[in-house]
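Contents: one structure, followed by commentary.
Here the structure is a predicted model, which is why all the values come from computation and not from measurement.
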Amino acid sequence: MDLLRKVFLAAAVSLVSSGAFSEVVGSYSNGCIIDPAVLPLEGRNYQVTRPQIDRNYGDPTLIRFIETLSAEAQRKGIGSVQVGDLSASHGGPMRNGHASHQSGLDVDLSLKFGRLPKKSLGTTSFLDVVSKDGKSVNSNFTWKQLEFIRLAASHDEVERIFVSPAIKKSICEYTGQGEDRSFLSKIRPWFGHRGHIHVRLRCPESSPFCEKQKSVPEGDGCGEELMSWFEPPKKTDRPARPQKKAAKPPLPKRCQTFFVR
Ligand SMILES: [Zn+2]
């Protein structure tokens with residue numbers, strides 16, 4: 001092979017793995033990513049905690065976000081970031097674990113910080129920061145977790161961050177009325193998420209077939225909506241009638257070449 005051809009091929013390969021031609025198609029829960037960028041398993045300021053399951057693919061905006069946030073966390077003294085799942089190699093539905101994470105715009109980040117020894121990679125590394133009754137955070141929730149979530153929310157490309165309702169409540173309380181509270185709208189209470197946050201980026205402009213989600217409601221979300229998560233189910237509520245499982249919508253056409261259902 002002549003030299004010019006070799007150089008051309010090497011350049012083409014590096015462009016592909018950097019996600020230069022990445023495109024997000026469909027929605028977070030029914031989509032895929034074409035030519036995704038790859039998050040290296042070990043970064044200077046982060047580690048992918050389950051390297052063996054091959055879920056470190058995403059839109060280049062997601063890869064950049066993780067690298068930048070990790071550097072910021074390290075600078076603030078929070079420590080090295082433990083990165084959970086992004087998307088599989090073409091995104092799409094996963095056999096286990098997530099309904100979303102399909103379009104290369106979602107990532108789970110642990111609330112436990114610091115470098116893991118190589119032998120611990122792949123095993124469960126979990127720090128529960130919520131009390132047993134789910135109503136408040138426990139002593140594992142320190143300034144590090146608070147600052148980390150604030151840092152993540154400060155990124156423009158971040159649209160939502162899912163956390164346990166108890167975590168949202170404590171961030172609401174720690175953020176004074178005189179302080180900037182605009183980032184709070186992005187922090188969304190959700191089931192689980194006691195030891196990690198789920199960060200979701202908005203659709204990148206370079207992906208016209210990326211399906212947007214409804215915008216988050218206006219306001220800090222610290223009032224009634226949040227409190228409803230802590231109320232016992234109302235007595236008048238009837239048990240939910242078992243419903244037929246709705247058929248999954250088909251994947252967008254452009255994704256179908258990657259997956260056989
Ligand atoms: Zn997640």
Side-chain angles (χ1 to χ4, degrees), residues 19 22-41 43 46-51 53-70 73 81-112 125-126 148-164 167-168 183 185-207 209-216 248-249 251-252 254-255 258-259:
S22 285
E23 196 188 337
V24 172
V25 179
S27 70
Y28 302 94
S29 304
N30 190 39
C32 66
I33 177 155
I34 298 168
D35 288 333
V38 186
L39 180 71
L41 296 173
Y46 72 85
Q47 282 169 303
V48 172
T49 54
R50 298 200 293 169
I53 59 167
D54 209 28
R55 289 179 180 171
N56 53 323
Y57 302 85
D59 187 77
T61 51
L62 184 67
I63 309 300
R64 271 198 300 276
F65 163 74
I66 295 166
E67 289 173 339
T68 313
L69 175 68
S70 305
V81 172
Q82 300 183 8
V83 180
D85 291 355
L86 286 68
S87 289
S89 60
H90 292 111
M94 290 184 199
R95 225 168 270 159
N96 48 35
H98 313 275
S100 61
H101 286 253
Q102 292 201 23
S103 58
L105 296 171
D106 293 293
V107 62
D108 291 334
L109 300 171
S110 177
L111 288 173
K112 188 174 176 182
S125 166
F126 175 69
F148 182 65
I149 297 171
R150 278 185 177 157
L151 273 176
S154 72
H155 285 250
D156 238 17
E157 63 274 35
V158 171
E159 190 170 63
R160 282 172 164 76
I161 299 178
F162 298 103
V163 299
S164 153
I167 296 178
K168 165 98 189 191
F183 73 97
S185 61
K186 293 183 182 181
I187 299 174
R188 309 292 302 151
W190 199 243
F191 304 98
H193 297 82
R194 303 166 64 104
H196 77 276
I197 61 173
H198 173 141
V199 181
R200 173 166 293 174
L201 304 194
R202 59 182 84 255
C203 280
E205 275 172 18
S206 54
S207 296
F209 296 100
C210 177
E211 258 174 59
K212 290 183 186 141
Q213 237 186 325
K214 251 196 189 166
S215 307
V216 291
K248 272 191 189 166
L251 274 170
R254 298 188 58 207
C255 297
F258 301 123
F259 312 98

Inset, instruction - For S164 and R194, indicate whether the former's side chain and the latter's backbone hold a donor-acceptor pair under 3.5 Å. - result: no
Inset, instruction - Look only at the side chain of K168 and the backbone of V163, and say whether a donor-acceptor pair between them is shorter than 3.5 Å. - result: no
Inset, instruction - Describe, in one word, how the ring planes of H155 and F65 are oriented to each other, choosing from parallel (under 30°), tilted (30 to 60°) and perpendicular (over 60°). - result: perpendicular
Legend entry - CA sep, side-chain torsions, deciding dist, call: E157, L62, side chain to side chain contact (heavy atoms under 4.5 Å, CB included): CA-CA 9 Å; E157 63 274 35; L62 184 67; over 6 Å; no
Legend entry - Closest approach of Y46 to S70 (non-hydrogen atoms, all atoms of both residues): CB-OG, 3.5 Å
Inset, instruction - Measure across S103 and V24 and return the closest heavy-atom pair with its distance rounded to 0.1 Å. - result: O-CG2, 3.4 Å
Inset, instruction - Run the salt-bridge test on R254 and E23 with the 4.0 Å N-O cut-off and return the result as yes or no. - result: yes
Inset, instruction - Run through H196, H101, H98 and flag the one making a side chain to side chain donor-acceptor pair (under 3.5 Å) with D85. - result: H98
Legend entry - N56 vs V38, side chain to side chain contact (heavy atoms under 4.5 Å, CB included): CA-CA, chis, key distance, verdict: CA-CA 6 Å; N56 53 323; V38 186; 3.7 Å; yes
Inset, instruction - Spell out, as yes or no, whether a donor-acceptor pair under 3.5 Å connects the side chain of Y57 to the backbone of D35. - result: no
Inset, instruction - Check V25, I33, L251 against Q102 for a side-chain contact (heavy atoms from CB on, under 4.5 Å) and give me the one that passes. - result: L251
Legend entry - Shortest non-hydrogen separation from V216 to E159 and the atoms involved: CG1-O, 3.9 Å
Inset, instruction - Name the orientation class of the two ring planes belonging to H193 and F162 (parallel below 30°, tilted from 30 to 60°, perpendicular beyond 60°). - result: tilted
Legend entry - side chain to side chain contact (heavy atoms under 4.5 Å, CB included) assessment of C210 paired with L105: CA-CA 10 Å; C210 177; L105 296 171; 3.9 Å; yes
Inset, instruction - Decide yes or no on side chain to side chain contact (heavy atoms under 4.5 Å, CB included) for L69 and F148, but give the supporting numbers first. - result: CA-CA 8 Å; L69 175 68; F148 182 65; 3.7 Å; yes
Legend entry - Sole residue of R55, R200, R160 in salt bridge (charged side-chain N to carboxylate O under 4.0 Å, His left out) with D106: R200
